[in-house]
Amino acid sequence: MTEYRRPRGTQDILPNDENSWYHVENVFRKHCHKAGFGRIRTPTIESTNLFANAVGADTDIVDKEMYSFTDRGGDGLTLRPEGTAPVLRAFHENGMASLPQPTRLYYIERVFRYDRPQAGRYREHQQLGAELLGEEDSGADIEIISIIWNFLTELGIPDLTLNLNSIGDPKDKHRYQQALMDYYSPYLNNLCVNCKRRLNANPLRLLDCKTTECSPYKDEAPKPIDYLSQQALSHFEQLQAGLHALSIPFVINHTLVRGLDYYTRTVFEIWPARTGSQSTIAGGGRYDLLSDFITGDNVPGVGFGCGIERVLLNMPKLTPQRRPDVYVASLSEATQLIAVRLVSELRSIGANTVSGYKAASPRSHLRKANSQNARFAVIIGDKEAESGTVTLRDLDSGEQSTVAISKIGGKILSLSTGK
RNA sequence: GUGGCCGUAGCUCAGUCGGUUAGAGCGCUUGGUUGUGGCCCAAGAGGUCGGGGGUUCGAACCCCCUCGGCCACCCCA
């Protein structure tokens with residue numbers, strides 16, 4: 001046990017597992033590039049005010065989950081607790097609003113929230129996401145949903161459920177919130193402590209409440225869909241038609257309300273079959289208000305965030321397949337420099353080459369080569385040095401041959417790529 | 001932030017009515033062949049029993065605190 005331990009809720013990802021991370025990220029990049037999205041990388045830290053204004057003052061994220069601090073110059077900074085607000089900030093700050101629209105951006109970033117850790121829930125986790133800005137047509141929503149859906153499907157995650165809802169435009173949302181308040185007010189004294197407070201502050205959240213006090217009222221509660229404007233309703237219907245056309249299955253979930261204030265119209269979450277409290281793999285929606293919160297400009301947008309740890313949790317395990325092509329063994333001090341040059345040469349022509357570093361017995365070297373799972377071993381001893389050759393050993397078959405040192409690179413390349 | 005379960009070697013875990021130097025398997029190092037891996041055999045390294053305090057003649061084991069993991073709540077990815 002070492003003296004220093006990783007901070008609570010963080011993780012070390014070791015090479016064997018990193019293999020899966022690499023795969024997930026690559027598949028995601030491929031899906032984004034195919035749809036014309038470009039990657040954006042934003043700072044880990046942002047002004048605290050950005051999140052306070054964008055995410056919403058009465059959200060849990062802003063209330064109690066942000067890693068905020070004052071730097072030496074007195075600026076209030078926060079470790080990014082979500083991915084969308086920084087992207088919007090960068091979009092405006094770099095003049096991307098003046099580019100031809102829409103703008104298609106994706107990201108793979110670390111996200112920080114001060115939360116009680118559990119399986120699938122970390123204080124520092126990694127999120128991938130995409131944002132489609134400057135397009136309010138439901139076609140944009142369809143594309144965003146299809147990207148995350150196809151991505152998760154390609155990874156082989158079974159039994160995904162797409163939960164879909166619409167909370168309408170700001171004025172619809174407002175009317176709906178009013179209806180919720182009217183509906184719940186008579187029961188105020190029966191509600192849980194949290195919901196008593198929320199009723200006026202953020203009534204949408206009442207639908208999320210799972211306490212026994214509040215649950216009985218949920219079934220009869222007003223549904224957001226009944227308060228949609230004609231435009232919002234037809235937007236929602238077009239979205240559903242598009243998903244049908246793409247054969248992406250979904251369920252309408254009237255109680256789906258996301259915890260960030262900036263959502264309008266479309267909201268969605270993707271759940272795996274596995275039950276448990278950390279079930280959501282990905283979530284997102286439309287946020288036509290967010291740009292207004294940040295700059296006062298009116299730029300519609302739709303996007304999602306997806307937790308990589310939760311993807312991995314639900315994905316079939318990947319067996320690590322990276323094996324070195326060749327292990328280079330020098331048997332004596334006299335052949336050491338030949339080995340050093342050969343390692344360098346093999347790498348320069350593209351062979352994954354592990355060096356034995358120092359002179360040792362064949363037995364010792366081959367044990368090491370075996371433990372590294374190398375495909376071939378190249379052995380250089382005094383015998384080989386005298387004749388300008390090396391000994392090439394196939395570690396899978398045990399076959400061994402003598403090869404001129406000038407030919408060994410080409411030989412290994414053809415053998416290891418020809419399999 | 002609330003409640004519950006758990007914490008012995010790098011990994012998976014034995015070991016409690018409290019009793020001398022804390023164990024196994026796997027893994028690791030070295031040797032079994034002074035030019036040959038995997039299998040096998042042998043030897044070895046590695047633990048302040050998560051940390052701190054207390055009770056006791058004596059604590060891995062009992063009590064308190066603390067840290068960490070997991071589960072439920074909450075929240076979300």
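Labels below follow one simple rule: chain letters A, B, ... track the order of the sequence lines, proteins then strands, and each chain is numbered from 1.
In this structure, A:Asp137 CG and A:Leu239 CG are separated by 10.5 Å, a value rounded to the nearest 0.5 Å.
A:Ile167 places none of its side-chain heavy atoms less than 4.5 Å from the side chain of A:Tyr176.
Taking atom C1' on both B:G53 and B:C67, the two are 14 Å apart, rounded to the nearest angstrom. As rounded to the nearest Å, B:C61 and B:U21 have P atoms that lie 15 Å from one another. Across the P atoms, B:G3 and B:A59 are found 31 Å apart, a figure rounded to whole Å. Straight-line distance between the P atoms of B:A43 and B:G7: roughly 32 Å, to the nearest whole Å. To the nearest whole angstrom, the two C1' atoms, one in B:G38 and one in B:A24, are 25 Å apart. Remark: the separation of the P atoms in B:G54 and B:A60 is 15 Å, to the nearest Å. With P as the reference atom, B:G69 and B:U30 are 35 Å apart, rounded to whole Å. A gap of 23 Å separates the P atoms of B:U66 and B:C71, to the nearest Å.
In this structure, of B:C71, B:C75, B:C76, it is B:C75 that holds the atom nearest to the side chain of A:Arg121.
Under the Watson-Crick and G-U wobble criteria, each requiring two contacts below 3.5 Å, nucleotide B:U21 is left unpaired. Here B:G44 sits opposite B:C28 as a Watson-Crick or G-U wobble pair (both hydrogen-bonding atom distances under 3.5 Å). Nucleotide B:U2 is matched to B:A72 when pairs are restricted to Watson-Crick or G-U wobble geometry with both distances under 3.5 angstrom.
Here A:Arg41 does not pair with A:Glu109 in a salt bridge; the nearest charged N to carboxylate O distance is not below 4.0 Å. Between A:Asp325 and A:Arg347, no side-chain nitrogen of the basic residue sits less than 4.0 Å from a carboxylate oxygen of the acidic one, so the salt-bridge criterion is not met. Electrostatic pairing of A:Arg104 and A:Glu131 does not count as a salt bridge here, judged by no charged N lying under 4.0 Å from a carboxylate O.
If you measure from atom CD of A:Gln118 to atom C1' of B:G3, you get 12 Å, rounded to the nearest angstrom. Taking atom CG on A:Asp60 and atom C1' on B:C73, their separation rounds to 13 Å, with Å as the unit. Spacing between atom CZ of A:Arg310 and atom P of B:C75 amounts to 13 Å, rounded to whole angstrom units. At whole-Å resolution of the value, NE2 in A:His365 and P in B:U30 are 12 Å apart. The distance between atom CZ of A:Arg113 and atom C1' of B:C74, rounded to the nearest whole Å, is 14 Å. The OH atom of A:Tyr114 sits 15 Å away from the C1' atom of B:C74 (whole-angstrom rounding). As rounded to whole Å, 15 Å separates atom C1' of B:G69 from atom CG of A:Leu313. Residue A:Glu309 contributes atom CD, which lies 12 Å from atom P of B:C70 at whole-angstrom precision.
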Next on the checklist: Return a single string for nucleotides 31-40 of chain B, one symbol per nucleotide in 5' to 3' order, where B is base contact, S is sugar-phosphate-only contact and - is none, cutoff 4.0 angstrom on heavy atoms.
Outcome noted: BBB-BBBB-B

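Relative to the six-membered ring of A:Phe376, A:Arg393 misses at least one condition, a distance below 6.0 Å or an angle of at most 45° to the axis.
For the pair A:Gly9 and A:Gly307, both in contact range of RNA chain B, the more 5′-proximal nearest nucleotide belongs to A:Gly9. Checking A:Arg6 against A:His125, the closest nucleotide of RNA chain B that is more toward the 5' end is the one next to A:Arg6.
The residue A:Ala369 sits apart from the nucleic acid: no heavy atom pair falls under 4.0 Å. Looking at heavy-atom distances under 4.0 Å, A:Phe304 makes no contact with the nucleic acid at all.
The phosphate of B:C67 (OP1 or OP2) has no side-chain N or O of A:Arg8 nearer than 4.0 angstrom.
Between A:His244 and A:Phe250, the angle of the ring planes lies from 30° to 60°, which puts this pair in the tilted group.
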Please list, for nucleotides 4-7 of chain B, all pairs of protein and nucleotide N/O atoms separated by less than 3.5 Å.
none

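Applying the side chain to side chain donor-acceptor pair (under 3.5 Å) test to A:Arg265 and every residue at least two apart in sequence or in another chain returns A:Asp169.
Judged by distance alone, the side chain of A:Arg121 and the main-chain N or O of A:Asp115 form no donor-acceptor pair under 3.5 Å.
A:Thr10 and A:Glu124 are not linked by any side-chain donor-acceptor pair at a separation below 3.5 angstrom, with hydrogens and angles left out of the test.
Between A:Tyr106 and A:His33, the distance separating the two ring centers is shorter than 6.0 angstrom.
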